[in-house]
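So that the names make sense, note that chain A is the first sequence line, chain B the second, and so on, each numbered from 1. Just so it is clear, the structure is predicted and the values come from calculations on it, not from any experiment.
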2 protein chains.
Amino acid sequence: MTKRAGKAATLADVARKAGASTAVVSYVMNNGPRPVAPETRERVLAAAAELNYRPNRVARALRSRTTGVVGLILASASNPYFGALARHIEQALDEREKLTLIGNADYSANRQQHLADRFLAAQVDGLVIVSADGAADVAVEARAAGVPTVYVHNAPESPRTGRAFAVTADNDAAVLEAVSHLRTHGHTRIAFLAGPDDAGPVGRRRAAWETALSGTASPLLRCAYSRAAASALTRQLINEDAMPSALITGSDEQAIGVLAAAHAAGVPVPGRLAVVSLDGTPDSAYTAPALTVTEQPLRSMAQQAVDLLLDGTSPRPAAQAGLVLRHSCGCSPAQQSGPVAGARDRR
Amino acid sequence: MTKRAGKAATLADVARKAGASTAVVSYVMNNGPRPVAPETRERVLAAAAELNYRPNRVARALRSRTTGVVGLILASASNPYFGALARHIEQALDEREKLTLIGNADYSANRQQHLADRFLAAQVDGLVIVSADGAADVAVEARAAGVPTVYVHNAPESPRTGRAFAVTADNDAAVLEAVSHLRTHGHTRIAFLAGPDDAGPVGRRRAAWETALSGTASPLLRCAYSRAAASALTRQLINEDAMPSALITGSDEQAIGVLAAAHAAGVPVPGRLAVVSLDGTPDSAYTAPALTVTEQPLRSMAQQAVDLLLDGTSPRPAAQAGLVLRHSCGCSPAQQSGPVAGARDRR
DNA sequence: TCTCCCTGTCTAAACGATTAGACAGTCAGC
DNA sequence: GCTGACTGTCTAATCGTTTAGACAGGGAGA
């Protein structure tokens, strides 16, 4: 009855109260690896309940050399695309009874390295890395430490050896779909809004666009992956009267910034400017006008990454990015359903 | 040179190589608590570097009864308001050298309880709980285990005892500001879009609205905290011709849903419908039209929560929610700056 | 009756760090 | 020269689990 406040009950406390050894108590708590007589089991369970016993995962981790914790390093949690990916990864890990240690690298290779170090010191069972650019391969250390590592969204540049995988979407197919759809709307010159450099998946998207549009004098634009940067660029283009008539943005964040600036300047979308974005986050369904996007299969990518991390293999096929037609491309609102077309409540 | 792959170097390995005891190695690694001769320190450091020694935090945690890990339980990571809060909390913890274990309760009291249990088993040094409604007080267990707990955004209903704090924003002031601003635009009947019930901060906001608008026959609307729900409700109101002329939304998510549906139905905002939202997430600056909001001081709330958690007290004053004028309220685009007014790149 | 195997239990050795206690040597003050 | 205070180091206990090894008792099969 009297519960000593400062002290949590331990295995030994339970054993004492149940009149058994710590070994049997452990066998009961873990259902094994040795059998326990039903009557003893009852006594142990009763004692544990009475003492409000909660196994100390730290001690277990030390002994069994596995913590049940996975580290997740995000390029940036501010970007909803990465945020959504993180959510799905956390969920997939939770379903596998893993806890998620999260960290924000803020697009900095240094911070990414720093976080990886701290996570490895914390003895994580695995590392999931969502990086935006081809930063130095963090996984080499993880591999040296025998910690499996999976890259999501962006594969590291260095050749992988040992147990490090990457789950990426098919960027080429997404770009081709976007281009051919804009062509059905009559566009022949289609601009592309890329990131500040060509590292990472957006760089590959840009390359695919370049191939598809070669010889058409379609302009290449660049700005940081933020709404603010895209807005500023758009305002500038409008002022200089250099606005293209069709634009593919490398990320939703940029598309949303473009839309906001166009709206503020009274530039009609899609009338004067048709936009297709390549991420397809939930946000994209609620812009005005609603964005046409190629939706990245974030959930299935997350699922696959976790399978790869924990099993070394994934039973599920890689899902395809799919074109979701809304209004920013020029498709008529009438032929589409409401503003939530293509939006789902996730989780 | 030959690095044994499967095995990480331990304190004992370093001690052996340096010709010292594990105690001195520990003293060197932690700068204390006993002094070490400079020459010995050198030898130890050299050995550690050569073996690529990384202290095992799990072992340290077991012995020193502190893990350096804090658990963060989110009502929903899908909601950008909570997402932003989580980012700031993680950042504040990182600055204090703490790791963040994250979990998503998905608006379920059961899952919240489940996560708290798992985090406590993992021996977290503290718990930060961001819940949306007044669910049962999870902190009682944490307190029993001697783990400090802080609620952010929403205070638990049960009276707090022991070491459990809550950091909340001043909802009344925010609502009053929103109401009086809409009145300057000539509105007298101002609807309020609340959540499905009156639990949590949005419930308090609703109460403040009710007090301020009593006797004006301003309609109370309700829907779930999601864009989809708010969009559906808005479509319905438009179809039934029951749209109010001014609306305060309890959350940005709902406001964005309202805006999307209004845009799709051709209802002009703010012309036919003026909107003010009460969260003020970064998203709100990039809607069309840009949302006028009362901006919650998320960053300072996060900072304060972390101070409270780790120090039991916070030196910083509670920041106030501030009205950010954009266009959805009826303020003219001309008198405001671009679409990014009030938006900052965070972190 | 004598093995052999099973079941159920206990004892004790890990896991890798932290740190109190013991102790040897040095040096200052008397 | 003796005492006491430091300095620098080592030995070993400890944190709370897991689990291999030992062992007792009880059939089953010969």
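Between Arg111(A) and Asp94(B) there is a salt bridge, since at least one side-chain N of the basic residue sits less than 4.0 Å from a carboxylate O of the acidic one.
With no hydrogens or angles considered, a side-chain donor-acceptor pair links Ser78(B) and Arg87(A) at under 3.5 Å.
Put simply, CD on Gln123(A) is 9 Å from C1' on dG16(C), counting in whole angstrom units. When rounded to the nearest whole Å, the span between CZ of Arg43(B) and C1' of dG8(D) equals 12 Å. Regarding Met29(A), its CE atom lies at a distance of 9 Å from the P atom of dT17(D), rounded to whole Å. When rounded to the nearest whole Å, the span between CZ of Arg16(A) and P of dG16(D) equals 11 Å. Per the geometry, CG belonging to Asn31(A) stands 16 Å off C1' belonging to dT19(D), to the nearest Å. We find that CZ of Arg63(A) is positioned 4 Å from C1' of dT18(D), with the value rounded to whole Å. Distance Leu11(B) CG to dC15(C) C1': 13 Å, rounded to the nearest Å. Per the geometry, CG belonging to Asn30(A) stands 17 Å off P belonging to dG16(D), to the nearest Å.
No side-chain heavy atom of Asp307(B) sits under 4.5 Å from any side-chain heavy atom of Thr313(B). Counting only heavy atoms from C-beta outward, the side chains of His153(A) and Phe82(A) approach each other to under 4.5 Å. The side-chain heavy atoms of Glu141(A) and Gln113(A), taken from C-beta on, include a pair separated by under 4.5 Å. Here the side chains of Leu308(B) and Val167(B) are in contact, with some heavy-atom distance below 4.5 Å.
For Asn56(B), whose side chain is taken as the heavy atoms from C-beta onward, the closest listed nucleotide among dA17(C), dT18(D), dT9(D) is dA17(C). When each of dC10(D), dT19(D), dT18(C) is scored by its nearest atom to the side-chain atoms of Ser26(A), the top-ranked nucleotide is dT19(D). Here the side chain of Tyr27(B) is nearest to one of dC15(D), dA20(C), dA14(C), namely dA20(C). Side-chain proximity of Tyr53(A) to dT11(D), dT18(C), dT17(D): nearest is dT17(D). Which of dA20(D), dT19(C), dA22(C) sits closest to the side chain of Arg34(B) comes down to dA22(C).
Nucleic acid contact for Ser64(B): none, since no nucleic acid atom lies under 4.0 Å from a heavy atom of the residue. Base engagement by Ala23(A) is indicated by at least one non-hydrogen atom pair under 4.0 Å involving a base atom. Within 4.0 Å (heavy atoms only), Ala20(B) reaches sugar-phosphate atoms of the nucleic acid but no base atom.
Between Thr10(B) and dG16(C) there is no side-chain N or O to OP1 or OP2 distance below 4.0 Å. For Thr40(A), a side-chain nitrogen or oxygen approaches OP1 or OP2 of dT9(C) to under 4.0 Å.
Across the interface with DNA chain C, nearest-nucleotide mapping of Leu62(B) and Val24(B) shows Leu62(B) to be the residue nearer the 5′ end. With the nearest nucleotide of DNA chain D identified for both Thr22(A) and Arg65(B), Arg65(B) has the one nearer the 5' end.
Under 3.5 Å, the side chain of Arg60(A) and the base of dT18(D) form no donor-acceptor pair of N or O atoms.
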